[in-house]
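Take a look at the structure below.
Indexing begins at 1, ligand by ligand and atom by atom, following the structure's order.
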Amino acid sequence: MERLIEAAREALKNAYAPYSKFRVGAAVLTRSGKIYTGVNVENASFGLTVCAERVAVFKAVSEGDKEIEAVAVVAESDEPVAPCGACRQVIAEFNPNATIIMATADGRRVVTANLKDLLPSPFRGDALKP
Ligand code: THU
């Protein structure tokens, strides 16, 4: 858990958040033991912004590493921040029971949760099958 938080904290330096000035770093741990980091990447067209969590998940999946076990999110805020609804749905695609670790950048506050408690009813791909 410490290692994952540290990776997210390290990634935070690369957050691209010139508009909100709210810097976020994330780190995904997969079953293989690998860690993939991400940061929020904002855009002048605000709606195109992508959260740190999704960047980290997409990096893992694009490397063929889909078995997500845990996601850490670190923000420069007084309290730990929870992943937004879109990121919860994206993580649930790969593991609805993933461990979510939320920490402040100074490491003083850490909260953990199971994704199923943050998103009890994700939309499931099997609904699409005939
Ligand atoms: N943001 C994240 O990257 N992750 C979260 O869990 C919450 C929000 C980003 C998106 C945007 O760049 C900034 O934080 C403010 O919403």
Side-chain angles (χ1 to χ4, degrees):
M1 189 163 110
E2 270 309 310
R3 208 160 63 92
L4 205 57
I5 293 172
E6 189 46 45
R9 194 183 6 233
E10 181 65 25
L12 190 68
K13 294 178 192 156
N14 296 325
Y16 180 72
Y19 306 105
S20 73
K21 313 262 193 268
F22 189 73
R23 299 155 66 84
V24 185
V28 163
L29 173 71
T30 61
R31 203 171 149 182
S32 67
K34 283 199 196 153
I35 289 176
Y36 300 84
T37 59
V39 297
N40 54 333
V41 182
E42 298 188 345
N43 192 275
S45 178
F46 297 164
L48 301 182
T49 291
V50 183
C51 296
E53 297 92 319
R54 267 176 290 158
V55 171
V57 168
F58 293 157
K59 277 170 72 178
V61 174
S62 64
E63 296 292 320
D65 213 352
K66 291 183 290 203
E67 292 183 83
I68 291 171
E69 290 199 331
V71 180
V73 52
V74 172
E76 284 177 333
S77 53
D78 295 337
E79 294 295 319
V81 297
C84 78
C87 290
R88 294 177 198 195
Q89 175 69 28
V90 166
I91 299 164
E93 176 77 18
F94 301 101
N95 181 1
N97 291 306
T99 299
I100 309 296
I101 303 160
M102 299 153 269
T104 53
D106 64 13
R108 267 194 279 201
R109 299 263 293 116
V110 179
V111 175
T112 57
N114 189 296
L115 182 58
K116 72 172 184 303
D117 297 319
L118 300 179
L119 185 67
S121 304
F123 178 68
R124 305 286 311 163
D126 19 344
L128 302 171
K129 291 180 191 122

Given C51, A17, P18, which one has a non-hydrogen atom that is nearest to atom 8 (C) of ligand 1?
C51
Give the residue and atom name of whichever protein heavy atom lies nearest to atom 14 (O) of ligand 1, and the separation in Å to one decimal.
F22 CD2, 3.4 Å
Ligand-side contact atoms (ligand 1) for residue partner S20, heavy atom cut-off under 4.0 Å
13 (C), 15 (C)
Could you check atom 3 (O) of ligand 1 against the protein and tell me its nearest heavy-atom contact, residue, atom and distance included?
A52 N, 2.9 Å
Flag P83 as yes when one of its N or O atoms lies below 3.5 Å from any N or O atom of ligand 1, and as no otherwise.
no
Within 4.0 Å of some non-hydrogen atom of E53, the atoms of ligand 1 are 2 (C), 3 (O), 4 (N), 5 (C), 6 (O)
Would you check whether A26 reaches within less than 4.0 Å of ligand 1, judged by its heavy atoms?
no
Closest to atom 9 (C) of ligand 1 among protein heavy atoms sits N40 ND2, 3.6 Å
Heavy atoms only: give me the nearest R23-K13 pair and the separation to one decimal.
NH2-O, 3.1 Å
If we ignore angles and hydrogens, is there a donor and acceptor under 3.5 Å between the side chains of S20 and E42?
yes
Within-cutoff protein neighbour (heavy atom, under 4.0 Å) for atom 16 (O) of ligand 1:
no
Using the rule side-chain contact (heavy atoms from CB on, under 4.5 Å), only one of L29, L4, V28 pairs with E69; which is it?
L29
Between P96 and K116, is any pair of side-chain heavy atoms under 4.5 Å apart?
no
Which of the numbered atoms in ligand 1 are under 4.0 angstrom from any heavy atom belonging to A82?
6 (O)
Using a distance-only test with no angle check, is there a side-chain donor-acceptor pair under 3.5 angstrom linking S45 and N43?
no
Looking only at distances, please establish whether an N/O atom of ligand 1 is found under 3.5 Å from an N/O atom of E42.
yes
Nearest 0.5 Å please: distance from the CD1 atom of I68 over to the CZ atom of R31.
13.5 Å
Measure from atom 11 (C) of ligand 1 to the protein's non-hydrogen atoms and state whether any distance is below 4.0 Å.
yes
Mind listing the closest non-hydrogen atom pair of R124 and A92 along with its distance?
NH1-O, 3.7 Å
For S32, check side chain to side chain donor-acceptor pair (under 3.5 Å) against everything at least two apart and list the hits.
T30, D65
